[in-house]
2 protein chains.
Amino acid sequence: MLPAIAQTIRPAFRHNDHRSKELWSSVQEVCDLLHISRPQDLDEDNCRFQHVRFKAGQTVHLNNDPLENLFLVNCGFLKSSMTDDLDKELVLSFPMKGDLIGVDSIHRQHHQSQTMTLSDCDIILLPYSSLQELCQKSEQFGHAILQIMSREIVRERYMLGVQRSLSAEAKVGRFLCMMGERYAQLGYSSRRFNLRMSRNEIANYLGVAIETVSRILSEFHRLGVITVNQREIVIIDPVFLSDLLKFSSTKERAGDKNVQKGQPRTTSKFVGTAHQQPVMALA
Amino acid sequence: MLPAIAQTIRPAFRHNDHRSKELWSSVQEVCDLLHISRPQDLDEDNCRFQHVRFKAGQTVHLNNDPLENLFLVNCGFLKSSMTDDLDKELVLSFPMKGDLIGVDSIHRQHHQSQTMTLSDCDIILLPYSSLQELCQKSEQFGHAILQIMSREIVRERYMLGVQRSLSAEAKVGRFLCMMGERYAQLGYSSRRFNLRMSRNEIANYLGVAIETVSRILSEFHRLGVITVNQREIVIIDPVFLSDLLKFSSTKERAGDKNVQKGQPRTTSKFVGTAHQQPVMALA
DNA sequence: CGTTACTTTGAATATAGTCAAGCAGTGTGG
DNA sequence: CCACACTGCTTGACTATATTCAAAGTAACG
C-alpha cells in the first residue's frame with residue numbers, strides 16, 4: 001500500500017526531499033489534527049499518511065487535478081481559490097493547521113479549486129481511497145468525515161451570510177476577529193498577529209475593492225481600535241470590531257441602537273460607537 | 001425498525017394523515033431521486049423510507065431541531081433559511097424535487113437552518129441512523145453520500161461567487177436562468193414558469209433590496225428580455241441574461257467588450273447589449 | 001368593500017468602486 | 001552604497017450602484 005501511495009503523488013512532491021522528523025502520521029495523529037475523536041472501532045492502526053513539505057509560493061494542487069489526495073495542513077498558511085467565468089481569481093479560504101483541503105473535489109472526482117502556499121508548509125497527504133477504506137472499516141470514522149464535510153458547508157454558509165448582509169467595514173472587522181480567533185486556536189495571540197496574505201487577497205476574499213480594505217484598515221487605526229503596520233495587526237478593541245458585526249449591516253441597523261445614525265459626516269461615522277466603548281488596554 | 005422510525009418523527013408529522021398511494025419508498029427510489037446510481041453491493045432491499053405530506057406554509061424542520069431525519073423532496077417547493085445575529089432571516093436555498101435537506105445538521109447533530117414549504121409538498125424522511133447503516137453496508141452508497149455533500153459545498157461556493165462578483169442585475173438575471181434550468185430538469189419549461197417565492201424572498205436570497213429586485217425585473221421587462229406578470233415569468237432572451245452573468249460584474253467589465261461602458265445615462269444601460277443580440281422568439 | 005400584504009416606482013442618499021497619483025518598502029545592478 | 005525599478009499599499013477625487021425612505025398601485029381575502 002505504501003508504494004502505491006508513493007506512486008500516486010505528483011512528481012512535484014518528490015522534489016521535496018527535506019529531511020523531516022515525522023514523514024508519516026498515524027490515524028491517531030490525523031484524527032487529532034482534524035479535531036475528531038479517534039475511532040474506537042478501528043483496531044489495526046498500521047495505516048500511515050505521508051507528509052510533504054512545501055516552500056512558500058508553491059502549488060499544492062491545481063483546478064481540475066484528478067482527485068487522488070485530500071490535504072491536511074500540519075503547519076503553514078495557504079490560500080485556496082477558484083477561477084470564475086472571466087478567469088478572475090476568487091479567493092475561497094485561507095487554510096491553516098488542522099484544515100482539510102479538497103473536500104469539494106469528491107463530487108466530480110476532480111479538484112474544483114487550487115491551493116497555493118503563503119508560507120512554508122507541512123502537508124499530510126490523505127489518499128481518498130484510504131479514507132474510503134477507513135470509512136468502511138470504522139463507522140465512527142465515516143461519521144467523522146461526514147461531520148467535517150457538514151462543518152465545511154456550515155462555514156461556507158457563514159461566509160455567504162457575511163457577503164450578503166454586512167457592510168465593507170463590518171466584513172473587514174469580522175475578518176480581523178476571525179483571524180485572531182484562528183490564531184488563538186493554534187495557540188498564538190488573538191490580539192497581535194501577522195497577516196500572511198496581501199491586501200489584494202483579503203479584498204478578493206471579502207469581495208470588496210483593495211482600496212476599500214486599505215481605507216477601512218486606516219480608519220480602524222485612526223480610531224484606535226487596531227494598529228496596522230504593514231501586515232502586522234494589533235487588535236486593541238475587539239468589542240468594537242465584534243459590534244460592527246452586529247450593527248454595521250447596511251440593511252438592518254436602522255431601528256437598532258441609535259448609534260451610527262445621523263452622525264455628522266465630517267467626522268468618522270464610527271466615532272459615536274467608539275466613544276461608548278472604553279478602549280481596552282493592549283494585552 | 002419501522003416502528004422505531006415512526007416513533008422518532010416529530011408529532012407534527014403524524015397530523016398529516018392524507019391518504020397517499022406510495023407512503024414508503026425503497027432505496028432504489030431514493031437513489032433515483034438523488035441522481036445517484038443504486039449501489040450494486042447492497043443485496044437486501046428491505047429498507048423503506050416514509051413519505052410525509054405538507055401543506056403550503058408549513059414548517060418541515062426548525063433551527064436547532066435535533067438531527068433525526070434528513071429530508072428528500074419528492075415534490076413541491078420549499079425555502080431553507082437561517083437566522084443571523086440580528087434575528088434577521090437569511091434565505092439559503094429553494095429546495096425542490098430531488099434536493100436533500102439537512103446535510104448541514106450532521107456537524108452539530110442539530111439543524112443549522114429551518115425549512116418551510118412554499119407549496120404543498122411530499123417529503124421523504126431519511127433517518128440519519130438509516131443512512132449511516134446504509135453507508136456501512138455499501139461502500140458505493142457511502143461514496144454517493146460524500147458526493148452529495150461535496151456537491152452541496154460546490155453549490156454554496158458558487159453562490160458565494162455570485163454574491164461577491166456580480167452586480168445586482170446580474171444576480172437577478174442569473175437567478176432567473178437558474179430557476180429556468182431547475183424547472184427544465186424537472187421536465188417543465190425553462191422559459192415559462194411561476195416563481196414560488198415572494199420578491200422579498202428573492203431579494204433576501206440574492207442579498208439585495210426588494211426594491212432593487214422589483215426595479216430590475218421591470219427593467220428586464222421594459223427591454224423585452226423577459227415578461228413579468230406577478231410571479232409568472234417568461235424568459236424571452238436567455239442569451240441576454242446569461243451574458244449579464246459574464247459582463248455585468250461591477251468589477252471586471254472594464255476591458256471586456258466595450259458595451260455597457262459610457263452609455264448615455266438617459267437611457268437604460270442595457271440598451272447597448274440588447275441591440276447587439278436579436279430578441280429570440282417566445283417558445 | 002375595506003383591510004391586508006405584496007409590489008412597483010420615484011427621489012434622495014449612502015456606500016463602495018474606479019481612476020489616478022503618490023508613497024514605502026524590497027531588491028537589483030552599477 | 002546609491003540610483004533605479006518594482007511591487008504592494010495608501011490616499012484623494014469622482015462616479016456608479018444600490019439602498020433607504022416615501023408613496024402609491026395592485027392583488028388577495030374575509
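Chain identifiers are assigned alphabetically (A, B, ...) following the order of the sequence lines, protein sequences preceding nucleic acid strands; residue numbering begins at 1 within each chain. Every value quoted in this text rests on a predicted model; they were computed, and no experiment measured them.
Distance, A/Ile202 CD1 to D/dG8 P: 13 Å, rounded to whole Å. When rounded to the nearest whole Å, the span between CG of A/Leu206 and P of C/dT15 equals 18 Å. Rounded to whole angstrom, the span from the CZ atom of A/Phe220 across to the P atom of D/dC9 amounts to 18 Å. Between the CD atom of B/Glu232 and the C1' atom of D/dA27 there is a distance of 15 Å, given to the nearest Å. Spacing between atom CD of B/Gln163 and atom P of C/dA16 amounts to 15 Å, rounded to whole angstrom units. As a whole-Å value, the separation of B/Lys171 NZ from D/dT19 P is 7 Å.
B/Asn204 pairs by the side-chain hydrogen bond (donor to acceptor under 3.5 Å, both in side chains) definition with nothing, not counting sequence neighbours. Residues passing the side-chain hydrogen bond (donor to acceptor under 3.5 Å, both in side chains) test with B/Ser81 are B/Glu89, sequence neighbours excluded. With sequence neighbours excluded, the residues satisfying ring pair (Phe, Tyr, Trp, His ring centres under 6.0 Å) with A/Phe94 are A/Tyr205.
The closest donor-acceptor contact from the side chain of B/His221 to the backbone of B/Val228 lies under 3.5 Å.
Rounded to 10°, the helix from C/dC1-D/dG30 to C/dG30-D/dC1 has 30° between the axis fitted to its first five pairs and the one fitted to its last five.
Between B/Phe71 and B/His61, the ring-plane angle classifies as parallel under the 30° and 60° cut-offs.
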Walk me through it: do A/Asn63 and A/Thr83 pass the test side-chain hydrogen bond (donor to acceptor under 3.5 Å, both in side chains)?
CA-CA 8 Å; A/Asn63 187 21; A/Thr83 304; 5.0 Å; no

Any chance you could lay out the side-chain contact (heavy atoms from CB on, under 4.5 Å) test for A/Val162 and A/Lys171, step after step, and finish with the verdict?
CA-CA 7 Å; A/Val162 169; A/Lys171 286 182 190 174; 3.9 Å; yes

Listing time: all N or O pairs from protein to nucleotides 6-11 of chain C that are below 3.5 Å?
unit_1: C/dT7; atom_1: OP1; unit_2: B/Arg199; atom_2: N; d: 3.4
unit_1: C/dT7; atom_1: OP1; unit_2: B/Arg231; atom_2: NE; d: 3.4
unit_1: C/dT7; atom_1: OP1; unit_2: B/Arg231; atom_2: NH2; d: 3.4
unit_1: C/dT7; atom_1: OP2; unit_2: B/Arg199; atom_2: N; d: 3.0
unit_1: C/dT8; atom_1: OP1; unit_2: B/Arg199; atom_2: NH2; d: 3.0
unit_1: C/dT8; atom_1: OP2; unit_2: B/Arg199; atom_2: NE; d: 2.7
unit_1: C/dT8; atom_1: OP2; unit_2: B/Ser214; atom_2: OG; d: 2.8
unit_1: C/dT8; atom_1: O5'; unit_2: B/Ser214; atom_2: OG; d: 3.0
unit_1: C/dT9; atom_1: OP2; unit_2: B/Ser218; atom_2: OG; d: 2.3
unit_1: C/dG10; atom_1: N7; unit_2: B/Arg215; atom_2: NH1; d: 2.8
unit_1: C/dG10; atom_1: O6; unit_2: B/Arg215; atom_2: NH2; d: 3.4

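Sequence neighbours left out, the pairs with a member in residues 177-189 of chain B that pass salt bridge (charged side-chain N to carboxylate O under 4.0 Å, His left out) are B/Asp99-B/Arg182.
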